[in-house]
Amino acid sequence: MLDQALSALLLQAGWNATLVALGAALLGAAAGGAGAFIFLRKRALVSDAVAHATLPGVALAFIVMVALGGDGRSLAGLLAGAAGSAWLGLLAVDRLTRRTRLPEDAAIGAVLSVFFGAGVVLLTVIQTMTAGRQAGLESFLLGATAGMLLEDAVVIALGAAGCALAVVLLRRPMTLVAFDPGFAASTGVNVARMDLAMMGLVMAVTVVGLKIVGLILIVALLIVPPVAARFWTERTDRLVAIAAGIGAVSGWVGAAISAAAPDLPTGAVIVMVAFALFLAGLLLSPARGVLAAVLRRRRFARRVHRRQGLLALAHDEPILEPLTRRLLRREGLLRADGVPTEGGRAEAAKARLDEARWAAMRARRDDAEAARYDGLTPIETVLAPDEIAELDRRLGPRAPEGA
Amino acid sequence: MRLRPARPTQPALVVERGRTLPDADAGEAALAVRGLTVSYGESPAVFDVDATFPAGSMTAIVGPNGAGKSTFLKAALGVVARVSGEVSVFGRPLEASRGRIAYVPQRASVDWDFPVRVIDVVEMGLWRGLGLLGRLTGAHRARAREALARVGMEGFAERQIGRLSGGQQQRVFLARALAQGADLHVLDEPFAGVDAATERAVVTVLKGLQAEGRTVIAVHHDLSTVRDYFGRVLLLNVRRIAEGPLDEAFTPETLQATYGGRLEAAGLGALAAG
């Protein structure tokens with residue numbers, strides 16, 4: 001099974017599997033990129049309503065195609081139906097939010113459940129039909145690549161590529177609207193229309209992704225990549241690019257795993273891969289990660305202990321805190337019996353001088369530099385040497401012997 | 001009081017070309033607004049306001065809280081929809097003059113945790129000129145840096161905007177407006193919650209803009225500094241109370257009419273006389 005996954009990963013598993021992996025990667029990139037903007041616009045959950053609103057469209061399209069004498073299996077036809085009802089769902093959320101006093105979360109909840117309920121009813125109706133080949137319709141819920149036709153893979157790959165292109169074209173107005181809608185409007189961007197375009201893009205990604213990821217989990221492919229990307233950057237353009245990359249890797253790897261284990265729903269596998277990438281960021285990100293935060297707190301606590309220990313030494317006070325003693329001893333500033341070493345006395349005098357200089361500066365000025373006093377920052381990093389000399393003159397003979 | 005029919009479907013309003021506004025004869029008007037009415041719900045936030053801002057002037061919009069100062073500006077720039085009213089910018093319809101306007105929103109209106117650096121925000125001021133496909137050139141980047149230097153923030157270009165003080169954030173917004181290279185600068189409460197040094201820096205930049213012949217309009221809430229910073233005022237309390245040069249429009253009588261009893265209570269009556 002590992003062999004199979006590996007060969008699918010390396011595009012060695014045959015033309016069909018290769019195209020599915022490519023389609024899934026493109027879909028992931030488009031979803032990550034489009035998702036980044038709704039994440040930044042703080043409207044991530046609208047995509048959940050849109051996704052669930054595709055179900056009645058899929059079912060209706062099937063019924064219509066069968067009624068017209070087909071077998072109801074045309075992916076393009078099913079996706080067209082999905083797009084139609086998703087658009088209705090989107091407009092419903094938009095209108096409910098704009099035209100009534102209903103908050104957006106309530107509008108989303110109402111639209112999501114009503115459309116999904118209608119879809120389930122229609123699916124039940126379909127099960128009683130004798131004509132058509134209904135097998136496979138349920139794969140739209142959780143996604144499946146097993147038994148996917150070549151032409152299906154082409155439809156998905158082309159659709160995903162189109163969505164990715166739209167993300168590239170609209171990146172600037174979408175960024176403006178997400179960051180500062182007032183400013184965006186003042187430069188002539190139609191904010192309401194751009195919001196609708198953003199949601200239309202999300203809808204397109206959702207529809208294209210129905211077959212592979214499924215409507216229940218597509219929201220995860222839209223949201224998890226940008227949230228994961230947020231750990232790694234403070235720039236919008238990079239956030240979008242990283243989210244697209246995480247989405248692409250998730251789609252690719254997920255499709256490969258699913259090729260090796262056809263019983264697993266593809267959508268779930270893809271989302272689990274994306275989640276693993278999210279976890280990596282959560283733990284390892286240098287700026288926003290959990291581990292980095294723990295390390296920063298520890299480092300800060302140690303700086304506080306060291307400084308307070310040195311000041312205690314300077315004032316000939318005993319140090320009782322075990323951590324403080326340990327830190328100073330490790331630096332060779334303190335002997336085991338609590339008496340400072342030569343170096344310890346020098347460092348203590350330096351800390352005391354620093355405090356005295358800060359006190360003199362705070363007494364004299366109330367400007368931005370003085371406001372940076374935190375009891376830890378050495379004054380040399382804030383003031384120029386001549387300014388410090390000036391402070392020392394003010395301190396006069398009372399200035400303690402410095403290092 | 002004139003009442004104009006509502007025109008809700010066509011917010012972008014138009015003064016036919018060539019037709020001058022009756023109150024715009026004092027040189028070209030940078031911004032002229034007629035009969036502007038805006039409402040949130042049933043009661044108007046701004047009602048039937050006429051105002052003219054001559055090119056090259058520096059005007060404070062003054063009024064009590066909830067007087068519709070910000071709403072007036074947003075509606076004039078098409079940021080919020082108007083119920084009725086006409087707007088022209090440098091004698092042309094608003095939409096035709098977008099490229100000549102720079103708007104600085106209230107600082108509180110954006111999410112400062114947004115993944116964007118100082119220089120990125122300033123460069124947003126250049127995007128309009130780029131279209132969907134254009135790329136930022138070296139000249140663009142130099143212009144953004146220059147704008148940042150003008151507000152004294154060149155050392156902060158790479159910093160994420162959430163890691164700035166309130167005053168620094170205001171300077172970044174101003175730098176974005178400068179990068180736009182606009183002729184009409186419209187600022188919403190640029191001095192709200194900023195430190196004294198930033199207030200001085202912002203005033204210096206605004207006066208510099210006026211010296212270059214540009215027009216400045218700012219919502220301002222500190223009556224005591226109106227005389228130092230601005231040449232004209234628009235006193236607003238849902239309706240227009242007074243408008244014009246300080247000598248004419250910024251008087252104890254007009255302030256009394258704008259603030260009612262609140263002015264006396266705040267002991268600010270003497271300010272206008274000074």
Side-chain angles (χ1 to χ4, degrees), chain A residues 36-37 39-43 98-101 165-194 197 226-243 285 287-288 365-369 371-372, chain B residues 11-12 41 70 73-74 76-81 94-99 101-106 109-121 123-134 136 158-163 165 167-168 173 176-177 180 182 186 188 195-198:
Chain A
F37 289 103
F39 163 65
L40 292 174
R41 186 76 170 119
K42 299 181 175 46
R43 298 188 69 197
R98 271 181 214 277
R99 300 278 162 82
T100 72
R101 295 174 148 270
L165 188 68
V167 169
V168 172
L169 277 180
L170 296 178
R171 66 191 190 282
R172 284 192 198 124
M174 288 197 298
T175 302
L176 274 189
V177 167
F179 174 57
D180 191 346
F183 176 80
S186 80
T187 64
V189 174
N190 185 324
V191 174
R193 206 176 291 163
M194 195 48 64
V227 173
R230 189 66 185 85
F231 288 117
W232 299 107
T233 182
E234 298 285 9
R235 300 176 55 174
T236 310
D237 49 354
R238 293 199 181 156
L239 178 88
V240 175
I242 295 171
S285 155
R288 294 181 154 244
R365 323 186 345 186
D366 60 342
D367 59 10
E369 276 80 38
R372 285 183 53 192
Chain B
S70 296
L73 280 187
K74 286 184 195 163
L77 299 184
V79 172
V80 300
L94 176 62
E95 291 307 327
S97 306
R98 285 280 181 208
I101 303 171
Y103 169 57
V104 180
Q106 281 181 29
S109 66
V110 310
D111 167 18
W112 292 93
D113 194 39
F114 204 88
V116 68
R117 299 170 307 164
V118 166
I119 190 70
D120 303 327
V121 174
E123 284 174 358
M124 285 178 190
L126 302 167
W127 283 0
R128 190 192 140 76
L130 291 176
L132 290 182
L133 291 169
L136 282 176
E158 314 288 327
R159 193 176 285 196
Q160 195 270 331
I161 52 166
R163 292 168 46 226
S165 72
Q168 291 168 338
F173 264 16
R176 177 175 67 182
Q180 288 179 275
V186 178
D188 199 347
D195 53 287
T198 294

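Residue numbers begin at 1 in each chain, while the letters A, B, ... track the order of the sequences. Treat the numbers as computed from the prediction; the structure is a model and nothing was measured.
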| field | Most contacts with chain A, counted as non-hydrogen pairs under 4.5 angstrom, among B:Leu77, B:Leu130, B:Val104 | value | B:Leu130
| note | In short, A:Phe179 meets B:Asp111 closest at the heavy-atom pair CE1-O, 4.0 Å
| Among A:Thr175, A:Val191, A:Leu170, which has the most heavy-atom pairs under 4.5 Å with chain B? | A:Thr175
| message | Out of the candidates A:Asp180, A:Thr236, A:Leu239, only one should pair with B:Phe114 under the side chain to side chain contact (heavy atoms under 4.5 Å, CB included) rule; please name it. | response | A:Thr236
| field | chain A interface, residue from B:Val80, B:Ile101, B:Val116 that has the most non-hydrogen pairs under 4.5 Å | value | B:Val116
| request: Please report the closest heavy-atom contact between B:Gln180 and A:Phe183, naming both atoms and the distance. | output: OE1-CE1, 3.3 Å
| request: Can you tell which part of B:Asp113 gets under 4.5 Å to a heavy atom of chain A, answering side chain, backbone, both or neither? | output: both
| query | side-chain hydrogen bond (donor to acceptor under 3.5 Å, both in side chains) with B:Glu123: which residues, sequence neighbours excluded? | reply | B:Arg141
| With a 4.5 angstrom heavy-atom cut-off, which part of B:Arg159 approaches chain A: side chain, backbone, both or neither? | neither
| request: Would you mind telling me which of A:Arg238, A:Glu234, A:Arg171 has the largest number of heavy-atom pairs within less than 4.5 Å of chain B? | output: A:Glu234
| Contact class of B:Val121 relative to chain A, heavy atoms under 4.5 angstrom | side chain
| query | Where on B:Gln106 is there a heavy atom nearer than 4.5 Å to chain A: the side chain, the backbone, both, or neither? | reply | neither
| query | Where on A:Ala184 is there a heavy atom nearer than 4.5 Å to chain B: the side chain, the backbone, both, or neither? | reply | neither
| message | For A:Ala185 versus B:Gly78, what's the shortest heavy-atom pair and its separation? | response | CB-O, 4.4 Å
| Top contributor to chain B contacts, counting heavy-atom pairs under 4.5 Å, from A:Pro181, A:Ala178, A:Pro173 | A:Ala178
| query | In terms of heavy-atom proximity below 4.5 Å to chain A, should B:Asp120 be classed as side chain, backbone, both, or neither? | reply | side chain
| message | Check this for me: A:Arg288, atom CZ, are more than 12 non-hydrogen atoms of other residues, nucleotides or ligands nearer than 6.0 Å? | response | yes
| task | Would you mind telling me which of A:Thr233, A:Thr187, A:Asp237 has the largest number of heavy-atom pairs within less than 4.5 Å of chain B? | result | A:Thr187
| What is the minimum heavy-atom distance between B:Leu132 and A:Leu169, and which atoms define it? | CD2-O, 3.4 Å
| remark: Under 4.5 Å to a heavy atom of chain A? For B:Arg117 that would be both
| request: Working to the nearest 0.5 Å, report the span between OG of A:Ser186 and CG of B:Asp188. | output: 11.5 Å
